[in-house]
Each structure stands twice: as structure tokens, then as C-alpha cells.
Amino acid sequence: MIHIIVFLTLVLSLAAARLYMILPSDTKRRSSSHPKRSTCNLAVFLGSGGHTTEALALVSAIDPKKYHHRQYIVSEGDHLSAQKAKALESSIAERLQASYGTQSYSILTIPRARRVHQSLLTTPASSIVSLFTCVYHVTIKPNLCFQESHSGFADVLILNGPGTCFILCVAVYINKFLGLPAPVVIYVESFARITSLSLSGKLLRPLVDRFVVQWPQLLSDKGRGECVGWLV
Amino acid sequence: MLAFVTVGSTQFDSLIQSVLSEPVLLSLRRRGYMNLILQCGNSQLDLARCIETGNTERVTKNEVDIEYWKFKPSLQEEFEKADLVISHAGSGTILDVLRLGKAVIVVPNPTLLDRHQEELAKALSDRGYLKAATISELPKAIAEIEPSSLQLFPPQDKSRFAKILDEEMGF
């Protein structure tokens, strides 16, 4: 019995030490860990409604020649977000047609952690299904299945809320924990949040590489994060 | 002139009821809004039995011609046609409408537990970009709104996010 306790304590402290190591810290600059590159792959979660509007506004701001593959992650049944992503991509293609060759994007559908009106009783089960799907796409498929196209999940993941985006971040942490390639995670708090962070904002604030808010009052607690004004 | 009312994907029965009430319709008519389009979303209303998803119904009340339906894949066309938008305080709708330079009255849903929509409505109305109103203030808000005196909402400054991302990714 005592051996098991000692063993478990050891495992748990090693895991805690590993977690501490991989948590983002504002004192060690990360820029060195990302060497100069010519292009990279971007993934963005479209959380439906206003979250989708904001996330797509952020993607519209980037240079598609640098972020040459864009993966849109949508929740199951959210056809509207998928449609809007396609519309943005066709406008990008139109804009670049003359100067640039093929553009690439993909849409990934993941199960919802919790549907609206879903009973709280079944929420843990559906969250686990959602987490496994995210882990499959973020950890297992890019690292274990050999693909001819591009390796890895994405170099950067952009999150804007709500709930399900936390599960994506957990999947990214499994990669970090195991020392596998993991995307840089940037969280942009919703434009609608002026004086208090959203639940996903509160959860993700210590976990993401960049935590960006759009109203300065949200940083009045002197906590982690930055504000350069409205981004959407 | 055309007024467009939208609740997005939410259920906002009290806004729909209020818009169909005599004080609001009279206020609209007085300002010259003889046409009204109502996007009901998931709201329940007395007229709802006749709107199956995808159908459009029409009715005339207090001399205002009213068209109503539940959803369309994109509201962009309605926003563009409208002279006045009356909306729930969803941030996506607010951004879309303000970027088109349209006059908008925003009515936060009082039944939501979270007050952040109200805060957004107030913050943007304090800056003069839109008019915020409660359900009971709606007739007065319609009577008072002066589209020409609203501040022009700034376009998206794309360089801000591009800079954060490029910096992070080492470009």
C-alpha cells in the first residue's frame, strides 16, 4: 500500500513539475522559440454567433500568403459558421487571384461539449467525446498518422470563445505535456466583454501564449494580458 | 422607409411583442417607416403558428406593412436595405450593422443572466455610435433617433491583430 502511495505521489509531482514547465510565463520571451519562417499554418475556432463574426474578422486581418493554410474548427451542426468561413475564403481567393497561386483551407467539425438546453447530467459524457475528438485531431492524427501533405496540427491556434474552445486548449496541453509539437495559442476576448472576462477568458488566461482583450478595463486587476484597442 | 428588426438566433419574445404593439408601430409610422421586416429567430409569438422555418408571412397593422420570418442564412441584404435596424444586443449583429453605417437601436434582452450585452450597448451608446433602449423605451427611442447625428463607427484596424500574430510567429 505504502509503495503505491509513494509511487502515485512521485508521478503526480513529476506531472505537476512538467505542467509548471510548460505553462506560459511572461518573463521568458517566446520569440526565440519560433525561428524565422516563410509560411505557417493557422487554425481558428469559430464559436458561432458573435464569436464567429469576431474570429473571422481576425482572420480577415492576417496576410494569407504568410498563413498559407487556414483550418476553421466549427461545432457540429453549426452550418452557418462553416458557410461564413467559406465566404471569407472565396473573398481571400478573389483578392489574391492575380498575385498568388492556390490558396488552401479546411473545415474541421468537432462535437459540442454541451448543447444548448442539454441536461447537466449528460454534459460530462459529451465533453469527453468532444475532448477525445480534439485530442485525435491535435495530438494523434498529426503525430502518429503519417500524412503526405503537411505535418503537424497548426503552428498557431486562435480562440475567441465560448466553452468548446477550452477543450481545444486542453488538447494542445496534452501535446505540450508530451513534448510533441504544439501550436502557439492566442486568445482574443470578445469585443462584447467590457468590464468582466467571459468564462472561457477566465479559464484560458493562465494557459494561452497571448491573452488579448479589446477593452482596457479588463486588465485593471493587473493580471496577465494585453490590450491594443479594438481588433474586430 | 424600411425598419428591420432582428433577434439573431436567440429567443426574445418581449422584443417581438413590443415591436408588434400599437405604440411602436405608431412611432414607426410617424417617422415614415411604413415597412417593417421582422426576423423572429427562436422567439415564440402569437403569429408563430404560420411561420415554419423558411416561410415568409405578411400582415398589415396600424398601416405598417410587416413581413416576418424566422431565419435566413445571411442578414447582410436586410441590413443593407434597411433605413433603421432594431436589434438585440448581440455583438456580431452590432458590428455588422455599424460597419454598414446604419442607424441602430439596440435592445438588450433583460432575461439574460449575464449583463455583458447591456454593458456593450451602454458603452457604444455613450460613444454615440448607436442608441440603446429598454423594451418600454422603444417607442420613444424610435421617435428620437437621428441617424445623421450618430457617430460613424471606425473601420476595423486590421494592422493591430496582424502585428500581434506576426510578432508571435516570428515574421
Which portion of B:Pro154 sits near chain A, non-hydrogen atoms under 4.5 angstrom: side chain
Under 4.5 Å from a heavy atom of chain A, the part of B:Asp96 involved: side chain
[atom2] on [Y] to [atom1] on [X], rounded to 0.5 Å:
X: B:Arg115; Y: A:Ser196; atom1: CZ; atom2: OG; result: 11.5 Å
X: A:Thr53; Y: B:Ile94; atom1: OG1; atom2: CD1; result: 11.0 Å
X: B:Leu165; Y: A:Leu58; atom1: CG; atom2: CG; result: 9.5 Å

B:Phe161 vs A:Val212, side chain to side chain contact (heavy atoms under 4.5 Å, CB included): CA-CA, chis, key distance, verdict: CA-CA 10 Å; B:Phe161 184 67; A:Val212 191; 5.8 Å; no
Can you establish whether the number of heavy atoms outside [X] located under 6.0 Å from its atom [atom1] is more than 12?
X: B:Lys72; atom1: NZ; result: yes
X: B:Glu77; atom1: CD; result: no
X: B:Lys122; atom1: NZ; result: no
X: B:Lys81; atom1: NZ; result: yes

N/O donor to acceptor pairs below 3.5 angstrom from side-chain atoms of residues 225-232 of chain A, sequence neighbours left out:
from     : atom 1 : to       : atom 2 : distance (Å)
A:Glu226 : OE1    : A:Arg210 : NH2    : 3.1
A:Glu226 : OE2    : A:Arg210 : NE     : 2.5

Part of A:Ser60 lying under 4.5 Å from any heavy atom of chain B: both
What are the two closest heavy atoms between [X] and [Y], and how far apart are they?
X: A:Ala61; Y: B:Ala162; answer: O-CB, 3.5 Å
X: A:Ile194; Y: B:Leu120; answer: CD1-CA, 3.3 Å
X: B:Ala123; Y: A:Trp215; answer: CB-CH2, 3.9 Å
X: A:Asp155; Y: B:Met169; answer: O-CE, 3.5 Å

Pairwise salt bridge (Lys or Arg N to Asp or Glu O under 4.0 Å) hits with a residue in residues 190-208 of chain A, at least two apart: A:Arg193-B:Asp114, A:Arg205-A:Asp221
Heavy-atom side-chain contact between B:Glu168 and A:Val156 under 4.5 Å: no
